Each structure stands twice: as C-alpha cells, then as structure tokens.
Amino acid sequence: MVLCLLLITVSSNLAIAIKKGKRPPQTLSRGWGDDITWMQTYEEGLFHIQKSNKPLMVIHHLEDCQYCQALKKVFAQNKEIQEMAQNNFIMLNLMHETTDKNLSPDGQYVPRIMFVDPSLTVRADITGRYSNRLYTYEPQDLPL
C-alpha cells in the first residue's frame, strides 16, 4: 500500500513538472544525439569496446559551459557525425571526471574528446589543434 502511494506521488510530481514546462529527466545523450546508443559509465564503455572491437569516444563536458554547448549543437545537428558515432564508435559523454587518469593527461578541462581503442589504450595521436589543451575541439574543428 505504501509503495502504491509512493508511486502515485512520484508519477503525479513528474506530470506536474512536465506541465509547468520543466524538462523531464534527460536520456544518456544529454543532447549530443538521441539516436546514438550511449554508455552509462566509463567501465561499461571499456567492456563494450573489447566485445565489439570498436573504439570508445569519450566526450567530457559541462551543462553550463558555453564552449561545450556550442560543440554539442554542431555535433548533434551534423548527420554524418551522428551516423559515424552510432555505427563506428562506442559512445560515452561524461559531465564528471573518471578515476582513470589516462583520460586527463594534460588537465581536466571541457570540452574534451578522447578516444580509447579496443586494446584499452588512450589514443594520444588523435588530438585537436591546441598545444595547451590537446583534446579540446571547437565547432569549426568537426572535420578533424
């Protein structure tokens, strides 16, 4: 009985939040592409790259970062990027740091995109165009 009341309360609160124009809870895409299959954790991503033999793309970002928002918008709107992400990579976007220090070799900044190959090696040879923030990308860097 208590469980039923709890479920009714939670359901009605969610309905009220939606009616008031608040966003419902986001999916794992967080706006980077709803048609992409996203991993929930770094560890899950590592498991899937070994199983699928596809590389892992890790996107570090923050919701209130203007540079992250600009990159996310271009990433999500580019059909070619979306198809490549869905078909050729295991995808993970993180709004927090992982415990794996290999994913922050030159600091913890955002946006930061890194690639991990199926041998569990972080690809240090795939970088952006900035020497002080090797793994940062901007919207105009999409062809990279």
Side-chain angles (χ1 to χ4, degrees), residues 3 6-144:
L3 183 58
L6 180 63
L7 287 173
I8 290 169
T9 304
V10 168
S11 298
S12 64
N13 285 344
L14 181 58
I16 290 167
I18 292 171
K19 280 184 183 175
K20 288 183 177 177
K22 292 183 183 175
R23 293 187 330 195
Q26 287 188 327
T27 64
L28 292 175
S29 83
R30 297 181 180 98
W32 289 86
D34 291 335
D35 293 332
I36 296 171
T37 303
W38 295 93
M39 298 295 106
Q40 190 163 355
T41 65
Y42 180 58
E43 292 74 19
E44 181 185 12
L46 294 179
F47 171 78
H48 282 283
I49 65 173
Q50 289 181 301
K51 196 169 93 174
S52 69
N53 208 34
K54 293 180 182 179
L56 173 68
M57 182 187 300
V58 182
I59 304 171
H60 294 271
H61 64 100
L62 292 173
E63 196 65 39
D64 60 352
C65 166
Q66 67 180 5
Y67 305 105
C68 299
Q69 292 302 318
L71 184 61
K72 179 191 328 188
K73 182 179 179 182
V74 172
F75 189 98
Q77 291 176 348
N78 186 302
K79 187 175 178 130
E80 185 180 340
I81 293 285
Q82 292 291 299
E83 287 176 9
M84 184 177 61
Q86 175 62 22
N87 298 326
N88 302 336
F89 292 93
I90 301 299
M91 297 296 295
L92 174 66
N93 71 67
L94 296 173
M95 293 181 16
H96 56 82
E97 289 298 329
T98 69
T99 56
D100 188 330
K101 297 302 176 204
N102 291 313
L103 291 181
S104 55
D106 64 338
Q108 295 181 344
Y109 52 86
V110 292
R112 186 169 81 245
I113 300 177
M114 302 184 76
F115 299 89
V116 183
D117 70 27
S119 71
L120 304 183
T121 303
V122 175
R123 295 287 304 267
D125 60 323
I126 303 175
T127 59
R129 55 190 172 105
Y130 301 100
S131 60
N132 62 335
R133 292 182 172 192
L134 292 175
Y135 303 98
T136 198
Y137 295 88
E138 293 183 344
Q140 65 268 25
D141 297 332
L142 233 50
L144 279 174

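Note that the structure is a prediction, hence the values are computed from the model and not measured.
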Of all heavy-atom pairs between Cys68 and Cys65, which one has the smallest distance, and what is that distance?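 Heavy atoms only, the tightest pair is SG-SG, 3.0 Å.
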At their closest point, which heavy atom of Ala85 faces which heavy atom of Ile36, and how far apart are they?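 Of all heavy-atom pairs spanning Ala85 and Ile36, the closest is CB-CD1, 3.6 Å.
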Distance, nearest 0.5 Å, that separates [atom1] of [X] from [atom2] of [Y]:
| X | Y | atom1 | atom2 | result |
| --- | --- | --- | --- | --- |
| Arg123 | Tyr135 | CZ | OH | 10.5 Å |
| Leu46 | Lys51 | CG | NZ | 13.5 Å |
| Leu92 | Met114 | CG | CE | 12.5 Å |
| Met39 | Ile90 | CE | CD1 | 5.5 Å |
| Leu94 | Thr41 | CG | OG1 | 8.5 Å |
| Glu63 | Arg30 | CD | CZ | 9.0 Å |

For [Y], does its backbone N or O pair with a side-chain atom of [X] as donor and acceptor, under 3.5 Å?
| X | Y | result |
| --- | --- | --- |
| Asn78 | Val74 | no |
| Gln82 | Gln77 | no |
| Lys73 | Pro139 | no |

Keeping to residues at least two apart or across chains, list the salt bridge (Lys or Arg N to Asp or Glu O under 4.0 Å) pairs with something in residues 100-117.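 Listed by first then second residue: Glu97-Arg112.
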Just grab all the salt bridge (Lys or Arg N to Asp or Glu O under 4.0 Å) pairs involving residues 135-144, residues at least two apart or on different chains.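 Passing the test, one end in residues 135-144: Arg129-Glu138, Arg129-Asp141.
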Is there a side-chain contact between [X] and [Y] in this structure, where contact means two heavy atoms from C-beta onward sitting under 4.5 Å apart?
| X | Y | result |
| --- | --- | --- |
| Ile59 | Tyr137 | no |
| Val116 | Pro55 | no |
| Leu103 | His60 | yes |
| Gln69 | Lys72 | yes |
| Leu71 | Ile113 | yes |
| Asn102 | Thr121 | no |
| Thr37 | Gln86 | yes |
| Phe89 | Lys54 | no |

Between Trp32 and Phe75, what is the ring plane arrangement, given parallel below 30°, perpendicular above 60°, and tilted in between?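 The arrangement is perpendicular - the two ring planes meet at more than 60°.
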Neighbour count >12 (heavy atoms, 6.0 Å) for atom OH, Tyr67: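 Atom OH in Tyr67 is not crowded, with 12 or fewer foreign heavy atoms closer than 6.0 Å.
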